[in-house]
Amino acid sequence: MKTVTLIIPCYNEAEVLPLLYKEVNRVTDGCPNYDFTLLFVNDGSADATPDIIKSLAMRDDKVKFISFSRNFGKEAAMLAGMRHADSDYIGIIDADLQHSPDLIPEMLKAVDVEGYDVAAACRSDRAGESKLKSVLSGQFYNIINKISDTKINDNAQDFRIMKRKVVDAIISMPETIRFSKGIFSWVGFNVKWYPHENRERAAGETKWSIRKLAKYAIDGILGFTASPLRIPLYLGFISIFAAVLLFIFGIVEWAVSFFSSYIMLLAAVLFVGGLILCSIGILGEYLARVYTETKQRPVYIISETNVAAHSCEE
Ligand code: UDP
Ligand code: MG
């Protein structure tokens with residue numbers, strides 16, 4: 001019988017976990033040809049999430065769990081899940097039931113029968129999301145797709161089922177600052193997309209703030225393209241060109257009074273100063289990443305688990 005692990009990252013999801021467990025069980029009971037494992041990754045929850053997961057594991061053999069020593073973020077939770085899954089197919093699904101478990105049988109069919117390597121959900125609308133978030137995220141994907149060689153589907157979700165070889169490729173990527181949407185797309189493979197309506201959370205609330213989203217966007221851009229490093233070069237050329245024009249203009253223009261040329265000079269100094277500071281800022285962002293990656297800290301620390309690590313990446 002083929003084995004399937006469903007990775008469920010959970011951060012303060014106590015309110016929704018019993019419902020999720022019931023819904024996932026209903027769906028897995030309808031797929032008797034597969035042997036399922038539910039791998040809950042408790043990402044340092046401060047509520048009753050770890051207790052609920054452990055009590056589920058005590059009465060249900062197919063429930064496995066990994067508990068982090070603190071909150072490391074969903075990226076780390078997904079990675080830990082993938083490193084600990086040793087099944088033929090590996091799925092990722094949010095705990096809040098925004099990803100409908102009813103899609104799982106179809107997705108399994110795509111990878112098991114139809115020959116796809118990945119079956120992944122993509123958002124068919126942005127209902128229930130704030131206008132600001134939709135506009136900002138639309139712009140973010142526009143920019144990243146223009147400047148990076150890795151094309152990222154704006155609507156792709158983490159909800160997916162992958163073959164073992166795809167997961168092996170993903171966990172072989174050693175970076176510690178992880179941007180899964182980029183990584184999923186970078187590894188390639190044959191993907192079948194499932195348009196999926198945006199659903200309200202079954203309970204609890206989103207863990208994303210504007211600050212977290214901005215950090216995520218910056219991680220995405222800096223992790224998948226070095227193009228911003230070229231901006232200072234272009235700005236430098238423009239600035240030199242403008243300086244030459246001004247110089248010519250200054251020689252010709254005898255009539256300009258001392259005061260206005262003083263203001264012009266100040267503006268020019270400020271402008272060039274701003275360009276230099278921005279350029280150093282961009283260099284700094286990349287340098288910060290080199291610094292973080294060279295430290296080679298683990299992406300997460302496990303405090304408790306009932307499942308052995310499958311890959312030796314840890
Ligand atoms: N999550 C996590 N660690 C975090 C934040 C979120 O494991 O630091 C989990 C969360 O429990 C949920 C999934 O990631 O299962 C998606 O989070 P959320 O629903 O808050 O994001 P949204 O759906 O609003 O994008
Ligand atoms: Mg959600």
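Every number for a ligand or one of its atoms is a count from 1 in the order of the listing. Numbers here simply count residues along the sequence, with the first being 1.
Between K62 and D35 no salt bridge is recorded (no basic side-chain N to carboxylate O distance below 4.0 Å).
Of the protein's non-hydrogen atoms, the one nearest atom 24 (O) of ligand 1 is T206 OG1, 2.6 Å. At the shortest separation from atom 23 (O) of ligand 1 among protein heavy atoms lies Q98 OE1, 2.7 Å.
T150 places no side-chain N or O within 3.5 Å of a backbone atom of W186 that could act as its donor or acceptor partner.
For ligand 1, the atoms sitting less than 4.0 Å from at least one non-hydrogen atom of A95 are 15 (O), numbered in the order shown with element in parentheses. Shown in contact with P9 at under 4.0 Å from a heavy atom are these atoms of ligand 1, numbered in order with element: 7 (O), 9 (C), 10 (C), 11 (O), 12 (C), 15 (O). Those atoms of ligand 1 that come under 4.0 Å of a heavy atom in D43, given as number and element, are 2 (C), 3 (N), 4 (C), 7 (O), 8 (O). With ligand atoms numbered from 1 in the order given, ligand 1 contributes 3 (N), 4 (C), 8 (O) to contacts under 4.0 Å with heavy atoms of N71. Residue-ligand proximity, C10 to ligand 1, at heavy-atom distances under 4.0 Å covers atoms 7 (O), 11 (O).
Residue-and-atom listing of protein N/O/S atoms under 2.8 Å from the Mg ion (ligand 2), sorted by chain and number: D96 OD2, Q98 OE1.
Of the N and O atoms on the side chains of K181 and Y141, at least one donor lies less than 3.5 Å from an acceptor on the other residue.
If you look at N12 next to ligand 1, there are no close heavy atoms at all, none under 4.0 Å. Heavy atoms of D94 found under 4.0 angstrom from ligand 1 belong to the backbone as well as the side chain. Contact annotation for E13 and ligand 1: only side-chain heavy atoms (C-beta onward) come within less than 4.0 Å of the ligand.
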